[in-house]
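Keep in mind it's a predicted model, so treat the numbers as computed, not measured. Position 1 is the first residue of the sequence; numbering continues from there.
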Amino acid sequence: MLSTLKTSVKAAFAALFVTAAPAAAELELSFYTGWQETNSSTISGTLPGGAAVNRSVSWRGDSFDNPYYYGGRAIWWTQSNWGFGVEGTHAKAYAPAADRAALGLSRLELSDGHNIITINAMKRFPGAIGSSGRWTPYVGGGIGFAMPHVDAQPLGSPVRTYDFEVTGPAIRGLAGMKYNITDSWAVFGEYQFTWSDNDLTIDPAPGQAAGKLSTEIVTHAINIGISYSF
């Protein structure tokens, strides 16, 4: 399934560049950080060796702890104020100690990024607020995939899972306001959420079968950032 997903996303990225570039009037590069948290969700499946698990996990975002929460996007704005592009977000999800122990894990975190990569469509509304023309509200959304860095280890196991995995489909939604400092530079603030359906593989000890854990992860973030247009 994941190979089909990756093929589909690659095809969508190619189609985006072919169709959006000829109509583009402006390229905008945006970078942001901020406050990000993660909803609780149920995680289910099997640990290495076959033990079944099913439990609600109270994920933490810890966005201001290293490695920090951040993201960036590139948007090609057309003359009709529709934009198309790509975005990557380095969100985070940590399972608390009590949830890890109940699941039979000494480690469970997506902390070197619960990375969400999407193809976005956006709409901006220049001149909608104030007479200066500097304030521009916008909305957008995207579809893509999750590629978290999985850091997990069963209790008593000598093997630690510590690698990037493409775990399933993802979507994002956002709404914000940009303030133009100059014709090229702007600052912005926005609300953003992401949803992803994740199938995690947990590496086994010798002689065991790999563990398979599934969970949906929803993040919420208040972002502040800077943009450069040319």
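Classification of the Phe164-His149 ring pair by plane angle, with boundaries at 30° and 60°, yields perpendicular. Between Phe193 and His220, the angle of the ring planes lies from 30° to 60°, which puts this pair in the tilted group.
In this structure, Phe64 and Trp35 have side chains that are in contact, with non-hydrogen atoms separated by less than 4.5 Å. Contact check for Asn223 versus Gln36: no side-chain heavy atoms found under the 4.5 Å cut-off. Side-chain contact check for Asn39 versus Trp59: every heavy-atom pair is 4.5 Å or farther apart. With a 4.5 Å cut-off on side-chain heavy atoms, Val53 and Leu47 count as touching. Using a 4.5 Å heavy-atom threshold, the side chains of Thr78 and Trp76 count as separate. A heavy-atom distance below 4.5 Å is found between the side chains of Leu110 and Val150.
Contact between Val159 and Pro206 at its shortest, heavy atoms only, is CG2-CD, 4.4 Å. Annotation for Glu190 and Tyr138: closest pair OE1-OH, 2.6 Å, computed over non-hydrogen atoms. The minimum heavy-atom distance between Ser58 and Asp99, with the atom names listed, is N-OD2, 2.9 Å. Counting all heavy atoms, side chain and backbone alike, Ser111 lies closest to Pro67 at O-CG, 2.9 Å. Of all non-hydrogen atoms in Trp135 and Ile129, the two that sit nearest each other are CB-O, 3.9 Å. Residues Pro48 and Gln208 come closest through the heavy atom pair CB-OE1, 3.4 Å.
Of the possible donor and acceptor atoms, one in the side chain of Arg100 sits under 3.5 Å from a partner among the backbone N and O of Ala95. Judged by distance alone, the side chain of Thr167 and the main-chain N or O of Asn198 form no donor-acceptor pair under 3.5 Å. No side-chain donor-acceptor contact under 3.5 Å links His114 to the backbone of Ala146. With hydrogens and angles disregarded, no donor-acceptor distance shorter than 3.5 Å links the side chain of Asn81 to the backbone of Phe125. Remark: side-chain polar atoms of Ser30 are not paired, donor with acceptor, to backbone N or O of Ser227 under 3.5 angstrom.
One hydrophobic cluster holds both Ile217 and Leu213 under the rule that ILVMFWY side chains link at heavy-atom gaps under 4.5 Å. Clustering ILVMFWY residues whenever any of their side-chain heavy atoms sit less than 4.5 angstrom apart, transitively, puts Tyr228 in the very cluster that holds Ile226. Cluster membership check: Tyr191 does not share its hydrophobic cluster with Ile171, using side-chain heavy-atom separations under 4.5 Å among Ile, Leu, Val, Met, Phe, Trp and Tyr.
Side chains of Thr215 and Ser41: a donor on one and an acceptor on the other come within 3.5 Å. Between the side chains of Gln192 and Thr194, no donor-acceptor pair of N or O atoms lies under 3.5 Å. Between the side chains of Thr38 and Tyr94, not a single donor N or O lies within less than 3.5 Å of an accepting N or O.
Applying the 6.0 Å contact sphere to CH2 of Trp82 captures no more than 12 heavy atoms from other residues, nucleotides or ligands. The environment of CD1 in Ile181 is crowded: more than 12 heavy-atom neighbours from other residues, nucleotides or ligands sit within 6.0 Å.
Note on residues 178-189: pairs passing side chain to side chain donor-acceptor pair (under 3.5 Å), not counting sequence neighbours, are Glu28-Lys178.
Residues Asp203 and Arg160 are not paired through a salt bridge, judged by the lack of any N-O separation under 4.0 Å between the basic side chain and the carboxylate. The pair Asp62-Lys92 does not meet the salt-bridge criterion, since no charged nitrogen lies less than 4.0 angstrom from a carboxylate oxygen.
To the nearest 0.5 Å, atoms CD1 (Ile202) and CZ (Arg107) are separated by 12.0 Å. Between the CD1 atom in Ile116 and the CZ atom in Arg172 there is a gap of 7.0 Å [rounded to 0.5 Å]. In this structure, Leu108 CG and Gln153 CD are separated by 11.5 Å, a value rounded to the nearest 0.5 Å. Taken from CD1 in Ile75 to CE in Met122, the straight-line distance is 5.0 Å, to the nearest 0.5 Å. Within the model, atoms OG of Ser229 and CG of Leu27 stand 7.5 Å from one another, a figure rounded to the nearest 0.5 Å. If you take CD on Glu165 and OG1 on Thr201, they are separated by 5.0 Å, rounding to the nearest 0.5 Å.
Cation-pi geometry between Arg73 and Phe188 is satisfied (NZ or CZ under 6.0 Å from the ring centre, within 45° of the ring normal).
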